[in-house]
Amino acid sequence: MKPSIPRGTRDFGPAQMSKRNFIFDAIRKVYQRYGFQQLETPTMENLSVLTGKYGDEGDQLLFKVLNSGDFAKDLTAEMTNQGYKKMLPAIAEKGLRYDLTVPFARYVVMNRGELQMPFKRYQIQPVWRADRPQKGRYREFYQCDADVVGTDSLICEAEIVLMIHEVFRNLGVNDFTVKINNRKILSGIAEVIGVPGQETALCVAIDKLGKIGQQKVEEELSERGFLADTILKLQPVFSLGKDQNQLLTDLKTWLKDSETGLAGIAELEKVMQYVAHFGLQDPRVQVDITLARGLSYYTGAIFEVKANGVQIGSVAGGGRYDNLTGAFGLPGVSGVGISFGVDRIYDVMDELGVFPDNQTASTKVMITNFDATAEVFGLGVLKKLRDAGINAEIYPEAVKIKKQFEYADRKQIPFVLIIGSEEIETGNLALKNLQTGQQRPLRLEEILAELA
RNA sequence: GACGGCGUAGUUCAGUCGGUUAGAAUGCCAGAUUGUGAUUCUGGAGGUCGUGGGUUCGAUCCCCAUCGCUGUCCCCA
């Protein structure tokens with residue numbers, strides 16, 4: 001049997017894990033500093049929680065978990081004949097989580113009596129999608145979400161902008177753009193061009209502007225049944241936005257007859273004001289009215305972060321949703337959140353070469369193992385090293401010293417503590433620095449001071 | 001769902017216009033150096049050439065099928 005892992009999944013070795021943890025730690029630290037509390041939810045959710053939340057396509061991308069035991073016991077011939085969609089409820093009642101937002105919404109509804117609102121939670125866990133893997137797209141990947149529910153204060157949006165800046169700057173990724181838009185502006189545009197309520201179809205096409213260009217977007221809109229006259233009225237979308245200062249002014253003029261549109265502009269301005277009040281240094285925020293993002297549940301602000309100079313899609317995204325918990329019987333709870341894509345951030349940082357060195361080294365000193373006597377002596381020393389807070393290990397077998405040194409070298413352990421009969425006798429232990437090659441006889445107290 | 005590329009040593013890859021004994025680098029093991037790594041030198045192990053079938057005197061190579069990996073489009077964040 002040749003071992004293998006399911007397609008679209010990956011192993012992360014020690015070297016990768018230390019880099020990934022560097023990213024996780026940076027995000028977690030910022031989340032905590034902004035007052036978010038951690039939540040974890042089960043890997044599996046009941047399918048009733050998951051289905052219908054991500055559209056028809058989304059339902060297909062859910063990993064379903066076969067019922068335990070005789071999963072086919074409730075199957076009837078009739079179901080079998082009607083195809084897999086009819087069989088599904090009989091053989092699977094659980095599925096793997098598809099994102100962190102829906103499980104969060106479920107949690108909020110289930111614990112509504114207990115939660116102190118506004119509730120600020122962060123969640124760092126893997127999600128699964130039965131998608132076809134491609135570059136930068138996996139079947140198992142991590143999301144790092146932070147959401148605030150129970151308030152529609154635009155301070156939350158502003159804080160998200162701040163957190164994005166902190167996270168990327170802490171990671172050493174300094175050239176990035178935070179694109180921001182508002183769903184109400186998109187609704188306003190739909191109203192003004194005479195297709196109110198059709199902004200979803202509009203968004204799907206407009207969202208691709210940066211990717212496929214104006215002409216293709218117009219073609220796609222045409223295919224989706226938008227009239228030539230309507231598309232003509234849409235022209236300001238393509239021409240606006242070159243000058244950030246002028247953009248909102250022009251937009252107000254264009255959307256002057258749409259109450260919703262003007263509300264969206266006002267919200268956006270307010271968020272920008274808050275960001276200014278925070279005194280954020282060198283803000284990288286850019287209003288982009290073509291930013292739509294796929295999710296249909298966004299109702300207010302929409303965010304997306306791009307790392308500049310790297311050919312990788314967005315590295316973080318989020319927005320405000322007014323009624324996420326409505327599907328679980330709790331309407332009127334507004335929320336806003338952000339999600340960082342660790343896997344893509346990893347790729348960006350790797351490409352930019354901004355990971356700090358020496359992330360792999362975890363053991364600081366290794367004690368050699370010559371024989372039974374030295375081993376016993378070494379164990380006592382080892383305990384003292386560890387008690388002093390020094391990451392240390394002893395080579396577990398009395399094999400050839402050459403092998404032991406090779407082990408330390410490969411594991412990038414910076415120091416080897418050589419303890420043989422001579423050292424035990426004199427009490428001067430030989431500490432070798434593998435980077436410089438230097439070796440000195442030292443008392444244990446001196447070693448503890450040196451390595452601490 | 002549509003189309004393309006690739007499956008050869010642990011790993012990364014050569015290779016053969018179809019020819020008898022399939023190579024390199026690296027890694028691994030051993031020795032030079034039985035108390036000193038990363039360098040150097042020497043030797044060694046390691047392959048059903050993805051799987052099944054076909055064509056052929058002969059297939060790792062050509063054909064078909066199948067499985068797996070990977071990429072683009074669609075889709076999706």
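Please read all numbers here as calculations on a predicted model, not as lab measurements. Note on naming: letters A, B, ... go to the chains in the order of the sequence lines (proteins, then strands), and numbering restarts at 1 for each one.
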Geometric cation-pi criterion, A:Arg20 with A:Phe12: 6.0 Å, 45°
yes
When you measure from the centre of the six-membered ring of A:Phe63, is the NZ or CZ of A:Arg129 under 6.0 Å away and within 45° of the axis?
no
Answer yes or no: does a side-chain N or O of A:Lys403 lie under 4.0 Å from OP1 or OP2 of B:C29?
yes
Taking atom P in both B:G50 and B:C6, what distance in whole Å separates the two?
13 Å
For the pair made of CG in A:Asp131 and C1' in B:G1, what is the distance, rounded to whole Å?
12 Å
Judged by modelled atom types alone, do A:Tyr321 and A:Asp147 share a side-chain donor-acceptor pair under 3.5 Å?
yes
Have A:Glu393 and A:Tyr407 got a donor and an acceptor in their side chains that come within less than 3.5 Å?
yes
Quick one: A:Tyr138 OH to B:A77 C1', roughly how many Å, whole number?
15 Å
Using a cut-off of 4.0 Å between protein heavy atoms and nucleotide atoms, how would you tag nucleotides 39-46 of chain B 5' to 3' with B, S and -?
--------
Can you tell me how far P of B:U36 sits from CD of A:Gln439, to the nearest Å?
10 Å
Rounding to the closest angstrom, what is the interatomic distance between B:C13 and B:G7 at atom C1'?
12 Å
Could you tell me whether the side chains of A:Ser339 and A:Asp145 share a donor-acceptor contact shorter than 3.5 Å?
yes
Under the salt bridge (charged side-chain N to carboxylate O under 4.0 Å, His left out) test, residues paired with A:Lys306 that sit two or more places apart
none
Remember a base hit wins even if backbone is also touched, and classify A:Glu422 as base, sugar-phosphate or nothing at under 4.0 Å, heavy atoms.
base
When the P atoms of B:G31 and B:G37 are compared, how many Å lie between them, rounded to an integer?
13 Å
May I ask you to check whether A:Thr290 and A:Asp288 show a side-chain donor-acceptor distance below 3.5 Å?
yes
How many Å lie between CG on A:Leu62 and C1' on B:A77, as a whole number?
15 Å
Does the side chain of A:Asn433 come under 3.5 Å of the side chain of A:Gln438 through a donor N or O and an acceptor N or O?
no
Nearest whole angstrom, please: distance from the P of B:G37 to the CG of A:Asn369.
17 Å
The correct set of residues in residues 160-173 of chain A placing a heavy atom under 4.0 Å from RNA chain B is none
Classify A:Tyr98 by what it touches in the nucleic acid, base, sugar-phosphate, or nothing, heavy-atom distance under 4.0 Å.
sugar-phosphate
So what does A:Gly341 hit on the nucleic acid, given a heavy-atom distance under 4.0 Å: a base, only sugar-phosphate, or nothing?
nothing
Can you tell me which nucleotide in B:G35, B:C28, B:A77 comes closest to the side chain of A:Ile401?
B:G35
d(CZ, A:Phe303; P, B:A77) in whole Å:
18 Å
Salt bridge (charged side-chain N to carboxylate O under 4.0 Å, His left out), that's the test. Do A:Asp343 and A:Arg10 meet it? Break it down for me.
CA-CA 11 Å; A:Asp343 304 81; A:Arg10 297 155 296 162; 2.6 Å; yes
Starting the side chain at C-beta, find the nucleotide from B:A77, B:C69, B:G35 nearest to A:Glu304.
B:A77
Base, sugar-phosphate or nothing for A:Ser421? Non-hydrogen atoms, less than 4.0 Å.
base
Below the 4.0 Å mark, does B:U70 have OP1 or OP2 next to a side-chain nitrogen or oxygen of A:Arg137?
no
Do the ring centers of A:Phe24 and A:Tyr142 come within less than 6.0 Å of each other?
yes
Between B:G47 and B:G23, how far apart are the P atoms? Round to whole Å, please.
14 Å
Side-chain donor-acceptor contacts of residues 101-110 of chain A below 3.5 Å, not counting sequence neighbours, with atom names and distances?
| residue | atom | partner | partner atom | Å |
| --- | --- | --- | --- | --- |
| A:Arg106 | NE | A:Glu45 | OE1 | 2.7 |
| A:Arg106 | NE | A:Glu45 | OE2 | 3.2 |
| A:Arg106 | NH2 | A:Glu45 | OE2 | 3.0 |

Quick one: A:Asp371 CG to B:G35 P, roughly how many Å, whole number?
10 Å
Base, sugar-phosphate or nothing for A:Tyr407? Non-hydrogen atoms, less than 4.0 Å.
nothing
With a non-hydrogen cut-off below 4.0 angstrom, is A:Arg129 in contact with a base, only sugar-phosphate, or nothing?
sugar-phosphate
Distance criterion of 3.5 Å, no angle test: do you see the side chain of A:Lys400 paired donor-to-acceptor with the base of B:U34?
no
Nearest-angstrom distance from the residue atom CD of A:Gln438 to P of B:A38:
19 Å
Of the nucleotides B:U70, B:U36, B:A38, which one has an atom closest to the side chain of A:Arg132?
B:U70
Determine the contact category for A:Glu423: base if any of its heavy atoms lies under 4.0 Å from a base atom, sugar-phosphate if only primed atoms, P, OP1 or OP2 are that close, otherwise nothing.
base
Side-chain-base donor-acceptor pair under 3.5 Å for A:Gln404 and B:U36
no
For B:C49 versus B:A22, give the span between their C1' atoms, rounded off to a whole number of Å.
8 Å
Applying salt bridge (charged side-chain N to carboxylate O under 4.0 Å, His left out) as the test, list every pair that has at least one member in residues 150-172 of chain A; sequence neighbours left out.
A:Arg33-A:Glu166, A:Lys120-A:Glu159, A:Glu157-A:Arg320, A:Arg169-A:Asp282
For RNA chain B, which ranges pair as stems of 3 or more consecutive Watson-Crick or G-U pairs, with both donor-acceptor distances under 3.5 Å?
B:1-7 with B:67-73, B:10-13 with B:23-26, B:28-32 with B:40-44, B:50-54 with B:62-66
Distance between P atoms of B:U48 and B:C64 (Å, rounded):
26 Å
What I want to check is whether the side chains of A:Asn391 and A:Thr363 have a donor and an acceptor closer together than 3.5 Å.
no
Please state the C1' separation for the pair B:A9 and B:U26 - nearest whole angstrom.
11 Å
Could you check whether A:Asp131 pairs with A:Arg139 (Lys NZ or Arg NE/NH1/NH2 to Asp/Glu carboxylate O, under 4.0 Å)?
no
At 4.0 Å (heavy atoms only), tell me whether A:Ser339 reaches a base, stays on the sugar-phosphate, or touches nothing.
nothing
Identify whether the distance between the nearest side-chain nitrogen and carboxylate oxygen of A:Glu450 and A:Arg440 falls below 4.0 Å.
yes
Considering only the C1' atoms, how many Å lie between B:A59 and B:G15, rounded to the nearest integer?
15 Å
Does A:Arg410 or A:Ile418 map to a spot on RNA chain B nearer the 5' end, using the closest nucleotide for each?
A:Arg410
